[in-house]
Amino acid sequence: MRKPEAGPAELPPLAGAEEGKVVVRLAPYPSGPLHIGNARAFLLNDEYAKRYRGKLILAFDDTIGSEEKPILPEAYDQVREGLEWAGITIHDVVYKSDRIPLHYEWGETLIGTGRTFVCECTAERLQALRKEMKACEHRSQEVDETLAMWRAMLDGQYHEGEAVLRLKTDIAHPNPAFRDRVLFRIAEREHPRVGTKYRVWPLLEFSWAVDDHLLGITHVIRGKDLVIEDMMESAIWDALGIARRPQFVHFGMLRFKDLELSKSGIRREVEEGRLSGYDDPRTWSLQSLRRRGLRPAALRAFVLSFGLSLTDVEVPAESLYAENRRLVDKDANRYFFVPDPVAVEISGLPVTGPLKVPLHPDFPGRGERTIPIAAKVHVTREDFEKLRGMDVRLKDFCNVRLDHKAQFLSMENRDIPKIQWVTHGVNAHVVMPDGSEARGMAEPAAAALKADDFIQFERFGFSRIDRVSKAEVRAYFAHR
RNA sequence: GCUCCCGUAGUCUAGCGGCCAAGGAUGGAAGCCUCUCGAGCUUCCGGCACGGGUUCGAAUCCCGUCGGGAGCACCA
């Protein structure tokens with residue numbers, strides 16, 4: 001017997017989750033706006049927080065980062081703006097960069113246990129020894145020696161790259177990355193929020209071991225690319241004697257067909273002028289989805305449909321569009337848009353006077369739009385070339401034998417190819433997902449549209465109106 | 001190469017030893033409807049990677065093979 005329900009897939013329950021007590025967190029690194037590839041992380045966390053009436057903490061993971069992946073000051077707002085659009089409920093916001101003193105404090109506690117050492121090896125030597133499963137001479141430090149060197153790091157007696165604090169794990173651990181992992185390192189770069197206040201910065205694992213504990217996180221829901229961090233956090237909790245720990249939950253990687261997504265990549269391409277901005281459709285940022293008129297509910301349904309599986313998924317954007325189309329079709333009024341217009345002169349046209357056409361074919365009660373008619377009309381070049389010489393119907397108007405000099409045939413609705421057309425209309429252009437623009441003419445009624453209206457250009461596709469001026473209508477293409 | 005993870009139709013997913021001769025979504029095909037290449041309705045196409053076990057019984061458990069992914073940073 002199969003279950004009769006076919007509705008939206010329900011996520012599995014969270015292990016150990018108690019109603020009202022779940023605390024989860026989102027840890028974006030502010031290097032650019034959030035994009036669709038990040039959606040699995042924030043939607044899953046939000047969804048579970050809501051389901052258990054728990055809390056979601058937005059914790060900017062803004063430790064100093066790396067040279068290649070710098071923090072972008074405006075990314076803090078871009079991230080929040082994107083989350084807000086996506087309908088994420090945030091109960092609290094914290095910044096890692098405000099918590100460095102806390103990390104120092106816990107770092108010193110950890111040093112006191114004798115489970116750490118300050119290493120002066122170069123990054124290269126450290127890596128080489130790691131590969132050989134050999135410890136370096138620093139590993140045998142006494143605690144007070146480590147503490148003194150740690151203070152020297154804080155005091156500026158070491159420069160970038162000259163010393164790090166490492167955790168003694170197992171130098172022969174099967175995973176090389178796990179062998180005496182680095183906890184703190186020196187970075188003398190300026191931080192956009194706290195400037196040069198700190199020179200010693202914790203690495204992600206240590207800062208999270210401390211903060212997951214301090215913030216009372218009950219469930220860490222993150223991508224499986226971060227599994228090693230579970231082990232590291234656990235190792236640090238072991239050393240610190242912390243017993244209460246969050247549950248780790250992972251999900252597989254989400255990829256889009258033919259799409260490479262990266263926050264810092266967006267930033268670079270925008271700076272180099274190859275993208276029009278951080279909401280350029282090619283970025284697939286949340287802002288760009290908003291601009292195209294994709295609905296947050298569609299994004300959510302789409303992403304949550306992947307569940308919590310550890311399977312990596314590679315999906316075509318078409319699936320997201322299908323989800324959105326379902327939501328928008330009934331609301332989107334219909335208009336004619338003729339990209340790349342070709343003039344057609346109709347001879348023998350017996351009628352004049354405007355047409356009344358419903359705004360939406362499935363809801364005639366919604367109202368009508370008025371389309372002026374004339375002997376001279378425009379049709380798209382694509383239709384013209386494909387149908388030239390054939391009988392076609394100018395939708396809602398009349399039948400003609402198509403050519404530059406077209407011949408009027410009749411008025412009645414015949415079962416022949418129907419194409420959209422305009423007489424004079426307004427200039428219109430539509431920004432396509434690949435960044436190109438479709439330029440042409442839209443029917444006059446389109447001039448009354450407003451920014452944020454979501455419409456369908458018949459036989460062209462669903463689009464969000466971005467700007468309307470006397471001179472033109474500008475729209476962003478969502479999908480067919 | 002090493003460590004870990006995953007493998008249900010083209011794609012995504014349900015399935016947790018008998019309710020599965022595998023369900024849903026998307027996609028494709030056909031038809032109906034519709035003055036859109038949209039929506040809606042109907043029908044159809046298509047899958048448990050492979051090989052061994054365990055069991056009365058396996059998509060479900062175990063082993064192996066093959067395939068895919070992630071990690072292997074003083075990034076997050």
Side-chain angles (χ1 to χ4, degrees), chain A residues 1-10 12 27-31 61-71 96 119 121-124 126-127 130-131 160-166 173-179 181-187 200-201 203-205 207-208 222-229 231 250 252-255 257 263-264 301-302 304-307 309-316 318-323 325-326 328-330 332 334 336 357-358 360-362 383 393-397 399 412-420 456-462 479-480:
Chain A
M1 193 195 85
R2 52 203 54 91
K3 290 150 193 162
E5 105 296 321
E10 177 100 338
Y29 178 69
S31 59
D61 214 348
D62 63 341
T63 51
I64 195 74
S66 65
E67 212 79 65
E68 312 80 66
K69 244 179 13 183
I71 294 171
K96 273 293 169 63
C119 183
C121 298
T122 62
E124 297 73 44
L126 188 155
Q127 226 173 76
R130 210 178 242 162
K131 204 174 275 174
E160 203 160 316
E162 290 176 357
V164 294
L165 184 74
R166 296 173 71 182
H173 194 278
N175 188 338
F178 200 71
R179 296 171 193 159
R181 190 97 166 159
V182 173
L183 262 22
F184 283 89
R185 88 313 191 162
I186 297 168
V200 176
W201 291 90
L203 258 33
L204 161 142
E205 300 87 353
S207 73
W208 274 117
R222 58 183 167 202
K224 73 178 190 187
D225 50 325
L226 261 21
V227 284
I228 190 184
E229 319 306 343
M231 298 196 318
H250 293 96
M253 309 309 288
L254 171 60
R255 246 184 304 282
K257 238 180 167 44
K263 290 201 295 268
S264 30
F302 167 69
L304 261 21
S305 76
F306 308 134
S309 78
L310 268 328
T311 315
D312 301 316
V313 301
E314 178 163 317
V315 284
E318 186 52 45
S319 306
L320 170 63
Y321 300 156
E323 208 69 61
R325 197 179 290 121
R326 193 203 323 271
V328 297
D329 184 73
K330 63 182 187 308
R334 269 56 171 175
F336 285 162
V357 179
H360 194 299
D362 303 334
D383 287 335
R393 178 164 179 78
L394 301 178
K395 187 169 178 283
D396 300 309
F397 181 21
N399 311 312
E412 91 283 359
N413 179 19
R414 280 220 279 143
D415 191 18
I416 50 178
K418 296 179 181 68
I419 61 175
Q420 80 277 30
Q456 187 207 49
F457 283 132
E458 290 197 40
R459 302 209 317 132
F460 181 77
F462 291 94
H479 49 75
R480 295 199 77 149

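Computed over heavy atoms, backbone and side chain alike; hydrogens, waters and symmetry mates excluded. Note on naming: letters A, B, ... go to the chains in the order of the sequence lines (proteins, then strands), and numbering restarts at 1 for each one.
As rounded to whole Å, 12 Å separates atom P of G40(B) from atom CD of Gln456(A). Rounded to whole Å, atom C1' of A25(B) lies 14 Å from atom CZ of Arg325(A). In this structure, Lys395(A) places its NZ atom 5 Å from C1' of C35(B), rounding to the nearest Å. Computed from coordinates, the Lys330(A) NZ to U34(B) C1' distance equals 19 Å when rounded to whole Å. The separation between Arg326(A) atom CZ and G38(B) atom P is 16 Å, rounded to whole Å. Rounded to whole angstrom, the span from the CZ atom of Phe306(A) across to the C1' atom of G24(B) amounts to 15 Å. Computed from coordinates, the Asn413(A) CG to C33(B) C1' distance equals 13 Å when rounded to whole Å. Tyr321(A) places its OH atom 13 Å from the P atom of G27(B), with the value rounded to the nearest Å.
When heavy atoms are screened at a 4.0 angstrom cut-off, Arg480(A) is found touching base atoms of the nucleic acid. Within the nucleic acid shown, Gln420(A) has no heavy atom closer than 4.0 Å to any nucleic acid atom. Backbone-only contact: Phe462(A) has heavy atoms under 4.0 Å from sugar-phosphate atoms and none from a base. Nucleic acid contact for Pro316(A): sugar-phosphate only, since backbone atoms but no base atoms lie under 4.0 Å from a heavy atom of the residue. Contacts of Asn399(A) with the nucleic acid, taken as non-hydrogen atoms under 4.0 Å apart, are absent.
Pairing partner, C44(B): G28(B), with both Watson-Crick or wobble hydrogen-bond distances short of 3.5 Å. The partner of U3(B) is A70(B), by the rule that a Watson-Crick or G-U pair needs both atom distances under 3.5 Å. When Watson-Crick and G-U wobble pairs are counted only if both distances are under 3.5 Å, C61(B) pairs with G53(B). Nucleotide G23(B) forms a pair with U13(B), judged by Watson-Crick or G-U wobble geometry with both contacts under 3.5 Å.
Ion pair Lys418(A)/Asp383(A) not flagged as a salt bridge, since none of the NZ, NE, NH1 or NH2 atoms sits closer than 4.0 Å to an Asp/Glu carboxylate oxygen. The pair Glu318(A)-Arg480(A) does not meet the salt-bridge criterion, since no charged nitrogen lies less than 4.0 angstrom from a carboxylate oxygen.
The 5' end of RNA chain B is approached more closely, in terms of each residue's nearest nucleotide, by His173(A) than by the other of His173(A) and Pro12(A). Nearest-nucleotide assignment on RNA chain B puts the 5′-proximal partner with Glu323(A), out of Glu323(A) and Phe457(A).
Contact between Lys96(A) and Asp62(A) at its shortest, heavy atoms only, is N-OD1, 3.1 Å. Contact between Asp396(A) and Arg393(A) at its shortest, heavy atoms only, is C-NH2, 4.0 Å. Counting all heavy atoms, side chain and backbone alike, Lys224(A) lies closest to His250(A) at CA-CD2, 4.0 Å. Shortest non-hydrogen contact noted between Lys69(A) and Ser264(A) is CG-OG, 3.5 Å. Tyr29(A) and Ile64(A) make their closest contact through OH-O, 3.7 Å (heavy atoms, listed as atom of the first residue, atom of the second, distance).
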task: Treat primed atoms plus P, OP1 and OP2 as sugar-phosphate and everything else as base, then score nucleotides 70-76 of chain B 5' to 3': B for base contact with protein heavy atoms under 4.0 Å, S for sugar-phosphate contact only, - for none.
output: SSSSBBB
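In this structure, CZ on Arg255(A) lies 5.5 Å from CG on Asp312(A), to the nearest 0.5 angstrom.
Comparing U60(B) with C6(B), their C1' atoms sit 16 Å apart, to the nearest whole Å. Between G46(B) and A9(B), the two C1' atoms lie 5 Å apart (nearest whole Å).
Closest contact between the side chain of Val315(A) and the listed nucleotides C12(B), U36(B), G38(B) involves C12(B).
Asp362(A) contributes a side-chain N or O that forms a donor-acceptor pair with the base of G38(B) under 3.5 Å.
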